[in-house]
*Asks:* 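Got a structure for you, questions after.
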Amino acid sequence: FYDAVPIIPGTYTFNLLLENTVSKEFTSIEKTISIPEGDPLWLSPLILARRVAKNLPAGAASRAYQVGTLQIYPCPNSTFQVKDRLFLFFQIHGLNSELKESGILAFSIVKDGQMLQSSRKNVRDYGAGRDFLEEFSTDKLVPGTYAVKASLLDKLGREVLSQKADFLVSDKAIPGTWVTAQANPP
């Protein structure tokens with residue numbers, strides 16, 4: 001079940017009650033959620049994926065992890081094989097016109113505190129939206145644990161926002177984890 005509920009700015013407590021329909025057992029979770037005033041600048045968590053389908057038809061039914069014309073297939077365990085493609089998806093909300101025009105996105109892959117790969121790209125090169133997708137190759141990475149970092153820099157090169165996600169590269173054959181979902185109702 002899903003639904004969209006408009007919420008005015010403020011602080012709320014979200015309570016979720018789950019029932020195991022077989023055993024009739026219940027569990028619950030509670031989380032405080034803060035909805036800020038206005039349109040603050042923030043960077044979503046990074047989604048790591050092995051596969052992304054691009055340029056879906058405009059009339060295609062909406063599915064889980066579909067953003068605009070992209071269908072993202074997340075890698076839930078964040079494990080990639082050597083020679084895999086690592087897709088990094090995130091959103092930046094509240095970008096002002098200055099950051100849209102002169103902001104820079106910096107990406108880095110780090111292992112044990114040492115930067116192994118880095119790249120930079122202008123925010124304006126991604127178009128006018130808030131969705132960002134980058135692709136990396138793992139073919140030059142030896143098996144081990146890594147971190148990928150995405151940073152938004154201002155025109156002076158100062159870090160404004162950043163997010164980091166850990167991932168594992170393995171040389172062993174790993175069955176691919178695919179996440180699929182039926183189309184959401186209109």
Side-chain angles (χ1 to χ4, degrees), residues 2 29 31 41-95 99-100 103-154 157-184:
Y2 75 95
I29 188 170
K31 177 79 175 168
L41 180 63
W42 62 279
L43 179 70
S44 74
L46 306 178
I47 297 175
L48 305 179
R50 279 186 172 171
R51 180 176 159 221
V52 171
K54 300 176 182 178
N55 302 320
L56 294 178
S62 178
R63 298 182 184 279
Y65 292 101
Q66 180 179 338
V67 182
T69 61
L70 297 174
Q71 176 67 55
I72 301 160
Y73 296 91
C75 188
N77 60 3
S78 299
T79 302
F80 297 84
Q81 286 182 281
V82 175
K83 298 186 180 177
D84 264 350
R85 303 302 295 169
L86 184 154
F87 292 93
L88 176 66
F89 176 82
F90 59 95
Q91 294 181 323
I92 301 178
H93 297 265
L95 272 174
L99 285 172
K100 284 180 184 177
I104 298 167
L105 287 171
F107 302 98
S108 59
I109 294 181
V110 177
K111 180 178 183 182
D112 299 327
Q114 181 181 4
M115 187 181 320
L116 302 175
Q117 292 181 24
S118 67
S119 63
R120 290 179 176 224
K121 197 169 179 182
N122 293 322
V123 171
R124 68 176 171 263
D125 294 344
Y126 289 92
R130 64 181 181 194
D131 304 329
F132 299 88
L133 178 70
E134 270 304 303
E135 184 177 344
F136 301 92
S137 174
T138 61
D139 62 350
K140 293 183 180 164
L141 302 178
V142 298
T145 303
Y146 296 84
V148 61
K149 182 179 179 182
S151 303
L152 173 65
L153 310 176
D154 65 11
R158 294 178 299 210
E159 187 176 284
V160 178
L161 299 170
S162 70
Q163 283 281 8
K164 185 176 89 168
D166 295 328
F167 67 97
L168 180 73
V169 174
S170 175
D171 59 353
K172 306 241 186 306
I174 306 167
T177 304
W178 296 99
V179 176
T180 60
Q182 295 181 2
N184 294 328

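Computed from a predicted structure; not experimentally measured. For the numbers below, each heavy atom of this structure counts, side chains included, while hydrogens, waters and symmetry mates do not.
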*Asks:* At what distance, to the nearest 0.5 angstrom, does OG of S108 lie from OH of Y146?
*Replies:*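 Answer rounded to 0.5 Å: 13.5 Å.
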*Asks:* Residues in side-chain contact (heavy atoms from CB on, under 4.5 Å) with L133, at least two apart?
*Replies:*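 V52, K54, L70, F87, F89.
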*Asks:* I need the minimum non-hydrogen distance between S137 and D139, along with the two atoms involved.
*Replies:*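 It is OG-OD1, 2.7 Å.
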*Asks:* Would a 4.5 Å heavy-atom cut-off, applied to side chains only, mark L152 and L105 as touching?
*Replies:* yes
*Asks:* Would you indicate whether the side-chain heavy atoms of L99 and V123 approach each other to under 4.5 Å?
*Replies:* no
*Asks:* Who are the side-chain contact (heavy atoms from CB on, under 4.5 Å) partners of Q163, not counting sequence neighbours?
*Replies:* L43, L46
*Asks:* Mind listing the closest non-hydrogen atom pair of Q81 and K172 along with its distance?
*Replies:*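 Shortest heavy-atom contact: NE2-O, 3.1 Å.
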*Asks:* Give a yes or no answer on whether the side chain of R124 reaches the backbone of G103 with a donor-acceptor pair at less than 3.5 Å.
*Replies:*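 Here the side-chain-to-backbone pair does not exist.
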*Asks:* Measuring only between side-chain heavy atoms, which start at C-beta, is L88 closer than 4.5 Å to I47?
*Replies:*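 Result no, sub-4.5 Å side-chain heavy-atom pair not found.
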*Asks:* Does the side chain of Y73 come within less than 4.5 Å of R50's, by heavy atoms?
*Replies:* no
*Asks:* Does anything in residues 157-168 pair up under salt bridge (Lys or Arg N to Asp or Glu O under 4.0 Å), and if so which pairs, sequence neighbours excluded?
*Replies:* K149-E159, D154-R158
*Asks:* Please confirm whether the backbone N or O of K83 pairs with a side-chain atom of T138, one donor and one acceptor, at under 3.5 Å?
*Replies:* yes
*Asks:* Could I get the full list of ring-ring contact (aromatic ring centres under 6.0 Å, His included) partners for F90, not counting sequence neighbours?
*Replies:*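 Partners of F90 under the ring-ring contact (aromatic ring centres under 6.0 Å, His included) test: F132.
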*Asks:* So how far is it from I109 CD1 to L116 CG, rounded to the nearest 0.5 Å?
*Replies:*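 Here the rounded value is 7.5 Å.
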*Asks:* Residues in side chain to side chain donor-acceptor pair (under 3.5 Å) with E135, at least two apart?
*Replies:* R85
*Asks:* Taking only residues at least two apart or on different chains, which pairs with a member in residues 108-123 satisfy salt bridge (Lys or Arg N to Asp or Glu O under 4.0 Å)?
*Replies:* K121-E134
*Asks:* Does the side chain of L141 reach to within under 4.5 Å of the side chain of F80, using non-hydrogen atoms?
*Replies:*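 A side-chain contact under 4.5 Å is absent here.
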*Asks:* Could you check if a side-chain atom of L41 sits within less than 4.5 angstrom of a side-chain atom of L95, using non-hydrogen atoms only?
*Replies:*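 The answer is yes, as the side chains (C-beta and beyond) meet within the 4.5 Å cut-off.
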*Asks:* Among residues at least two apart in sequence or on other chains, which ones pass side chain to side chain donor-acceptor pair (under 3.5 Å) with R130?
*Replies:*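 Once residues adjacent in sequence are excluded, the partners of R130 under the side chain to side chain donor-acceptor pair (under 3.5 Å) criterion are H93.
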*Asks:* Check whether any side-chain heavy atom of Y126 lies under 4.5 Å from a side-chain heavy atom of I92, and answer yes or no.
*Replies:* no
*Asks:* Can you give me the closest heavy-atom contact between S151 and S162, atom names plus distance?
*Replies:*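 Heavy-atom minimum between the residues: OG-CB, 3.5 Å.
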*Asks:* Would you please name every residue forming a side chain to side chain donor-acceptor pair (under 3.5 Å) with N122, sequence neighbours left out?
*Replies:*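 If we apply the side chain to side chain donor-acceptor pair (under 3.5 Å) test to N122, skipping adjacent residues, there are no hits.
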*Asks:* Do V169 and V82 have side chains that get closer than 4.5 Å, going by heavy atoms?
*Replies:* yes
